[in-house]
**Q** 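The structure follows.
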Amino acid sequence: MLELSDHFQTEAPTTKAPPTFDVTRLTVEFPAITGTPRVAIRNLDLRIERGEIFGLVGESGAGKTTLARSLLRLPPEPGRIASGELVFEGKNLMPLPEVEMQRMRGRDISMIVPNPRSELNPLLTVGEQIANVARVHLKVPKRDAHRLALDILRAVQIPDPGRRMQAFPHEMSGGMAQRIVIAIALICSPKFIVSDDATSGLDVTVQAQILQLLRRLAQDRGSSMLFITRDIGITAHFCDRVAVIYNGEIMELAAREDFFFRPAHPYTIMLMAAFSYNQRLRQMWARPEPLPGATSEPTACPYVARCPLAQPRCRSDRPALHELASGHFVRCHFPVSR
Ligand SMILES: Nc1ncnc2c1ncn2[C@@H]1O[C@H](COP(=O)(O)OP(=O)(O)O)[C@@H](O)[C@H]1O
Ligand SMILES: [Mg+2]
């Protein structure tokens, strides 16, 4: 059986450009007042190709935000990257001085989060805020920054952008404010965008419009994206590949078609059933949350306490992420057959 890291190392050497992000054996911990630290991300390998939209799905507390912010070397306080490598566009981020990371954030890598209002400065017009980002990161004069701001407002389909430049955040709807946040994230044409649950607060129609827009803008600008959500259904329309994260570990990773037509991990199937309208399917697969720490046994499968298909081996032997079929990885001793 191939391990994920083996697979990546044994690929034929090519002259093509490096992936946008290459994460190796990343571990992120939160210190505990007593005892050993809580591991939020465990030995995680992840590679995001150029131009790809990579979906990351998981329940609340799975580690999605911790992973996203760790890629920017900013894990949520008081978390810390305990080990691992982060390589962005062929450049190792771990040894870089913090000032250089600051320059990259917002320019080469940008992050879109929910609650656009808390992201925006209530005292500045949206035009000033967008233009400021361009001035700081792209070092363009005021007039050019203003023009770039106008262009990006058009790109995110803000009606009457000239007038909207003068508006303050509180004068905008949630959907409009989210478009402004996206405009700020995109103005420098970053190579990599992280969207962390960014559209979950919006109503379904607005959410669909914004996702479509985000996808098109990323594609037009050749940006890659890590798209994080709790809603597994959204990834079916939006992402090229999808991974499921549970307790800080990837449980399944596959191209969209394999993921949705041939899901192999019982947990993935449970997540899909939870979003299904079929009540019997939901009842068959839904399992209550385990007690905190119930799945942290280092020798057991992290999902064993909730898994309807668990066997004795799942309690004594922690499964590795292995390749079930080309590009389809699963962390399970008894994957559901393809
Ligand atoms: N600020 C924090 N302090 C302590 N532990 C945290 C903090 N943020 C996250 N964690 C831990 O990391 C785990 C993952 O959290 P998070 O990355 O926010 O998950 P998600 O974004 O998937 O909901 C949590 O279950 C918790 O144990
Ligand atoms: Mg989160």
Side-chain angles (χ1 to χ4, degrees), residues 21 23 25-46 48 54-84 86 105 109-119 178 181 185 192-202 207 211 214 225-235 238-239 242-253 265 267-268 270-272 274-275 287-298 300-306 321 331:
F21 238 108
V23 178
R25 303 215 162 274
L26 180 71
T27 296
V28 184
E29 298 177 342
F30 287 94
I33 299 167
T34 54
T36 48
R38 161 97 167 88
V39 178
I41 299 295
R42 188 186 297 273
N43 253 332
L44 188 138
D45 289 334
L46 180 64
I48 295 171
F54 189 97
L56 183 69
V57 188
E59 292 167 287
S60 183
K64 304 181 298 297
T65 298
T66 304
L67 174 63
R69 297 201 31 187
S70 298
L71 297 187
L72 283 76
R73 258 186 47 194
L74 272 182
E77 287 285 333
R80 64 172 200 105
I81 297 177
S83 57
L86 302 173
R105 295 182 197 119
I109 307 175
S110 64
M111 188 144 172
I112 309 171
V113 296
N115 313 320
R117 281 183 216 290
S118 64
E119 288 300 297
Q178 190 56 271
V181 169
F192 186 60
I193 303 162
V194 183
S195 165
D196 186 5
D197 237 345
T199 55
S200 55
L202 302 172
Q207 179 166 322
L211 291 181
L214 197 55
M225 188 171 358
L226 176 63
F227 180 78
I228 294 176
T229 179
R230 276 170 293 172
D231 181 349
I232 200 166
I234 286 183
T235 58
F238 191 63
C239 300
V242 185
V244 168
I245 185 170
Y246 185 74
N247 238 5
E249 294 184 279
I250 289 179
M251 306 304 268
E252 182 158 12
L253 186 165
H265 201 293
Y267 181 54
T268 307
M270 190 281 281
L271 284 179
M272 287 177 180
F275 277 91
R287 283 292 180 279
E289 288 275 351
L291 294 171
T295 53
S296 58
E297 285 295 316
C301 170
Y303 186 54
V304 68
R306 292 167 76 184
L321 192 64
R331 185 186 299 282

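If you read the sequence from its start, that first residue is 1, and numbering goes on from there. These numbers were taken from a predicted model, which means no experiment stands behind them. Any value given below was found using the heavy atoms of this structure, including those in side chains, with hydrogens, waters and symmetry copies removed. As the structure lists them, so they are numbered: ligands from 1, and atoms in each ligand from 1.
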**Q** Give me the nearest non-hydrogen protein atom to atom 10 (N) of ligand 1 as residue plus atom name, then the distance to 0.1 Å.
**A**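 Protein heavy atom with the smallest distance to atom 10 (N) of ligand 1: F30 CE1, 3.3 Å.
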**Q** Provide the number and element of each atom of ligand 1 under 4.0 Å from a heavy atom of S60.
**A**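 Answer, ordered by atom number: 23 (O).
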**Q** Enter the distance from L271:CG to I232:CD1 here, rounded to the nearest 0.5 Å.
**A** 4.5 Å
**Q** Considering non-hydrogen atoms of the protein only, which is the closest contact for atom 18 (O) of ligand 1, and what is the distance?
**A** T65 CB, 3.9 Å
**Q** Could you tell me if the ring centre of F227 sits under 6.0 Å from that of F238?
**A** yes
**Q** Taking all non-hydrogen atoms of both residues into account, name the closest pair between R73 and L86 and its distance.
**A**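 Heavy-atom minimum between the residues: CG-CD1, 4.0 Å.
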**Q** Give, for atom CG of L321 and atom CZ of R331, the distance between the pair rounded to the nearest 0.5 Å.
**A** 5.0 Å
**Q** Any N/O/S atom, backbone or side chain, of T66 lying under 2.8 Å from the Mg ion (ligand 2)?
**A** no
**Q** With only distance considered, is G63 within less than 3.5 Å of ligand 1 through an N or O on each side?
**A**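 By distance alone, the answer is yes.
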**Q** Of all the heavy atoms in E59, does at least one lie under 4.0 Å from an atom in ligand 1?
**A**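 The answer is yes: ligand 1 sits under 4.0 Å from a heavy atom of E59.
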**Q** Relative to the heavy atoms of R38, which atoms of ligand 1 are at a distance of less than 4.0 Å?
**A** 25 (O), 27 (O)
**Q** G61 to ligand 1: N or O pair under 3.5 Å?
**A** yes
**Q** Using a strict threshold of under 4.0 Å (side-chain N to carboxylate O), is an ion pair present between K64 and D196?
**A**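 Not counted as a salt bridge, because no side-chain N and carboxylate O are separated by less than 4.0 Å.
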**Q** Answer with yes or no whether the side chains of Y246 and E252 bring together a donor and an acceptor at under 3.5 Å.
**A**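 No pair is found: no donor N or O on one side chain lies under 3.5 Å from an acceptor on the other.
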**Q** To the nearest 0.1 Å, how far is atom 17 (O) of ligand 1 from its closest protein heavy atom, and which atom is that?
**A** T66 OG1, 2.5 Å
**Q** Which residue in the set V28, I81, T27, L46 passes side-chain contact (heavy atoms from CB on, under 4.5 Å) when paired with I41?
**A** V28
**Q** Mark up the atoms of ligand 1 that fall under 4.0 Å of a heavy atom belonging to P78, in ascending order.
**A**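 Heavy-atom distances to P78 below 4.0 Å select 3 (N).
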**Q** Tell me whether R25 is salt-bridged to E249, with the criterion being a basic N under 4.0 Å from an acidic carboxylate O.
**A**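 Salt bridge between R25 and E249, a charged N being under 4.0 Å from a carboxylate O: no.
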**Q** Enumerate the atoms of ligand 1 whose separation from the nearest heavy atom of A40 is less than 4.0 angstrom.
**A**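 The atoms of ligand 1 under 4.0 Å from a heavy atom of A40 are 12 (O).
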**Q** Relative to ligand 1, is E77 under 4.0 angstrom through side chain, backbone, both or neither, heavy atoms considered?
**A**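 Only the backbone of E77 comes within reach of ligand 1.
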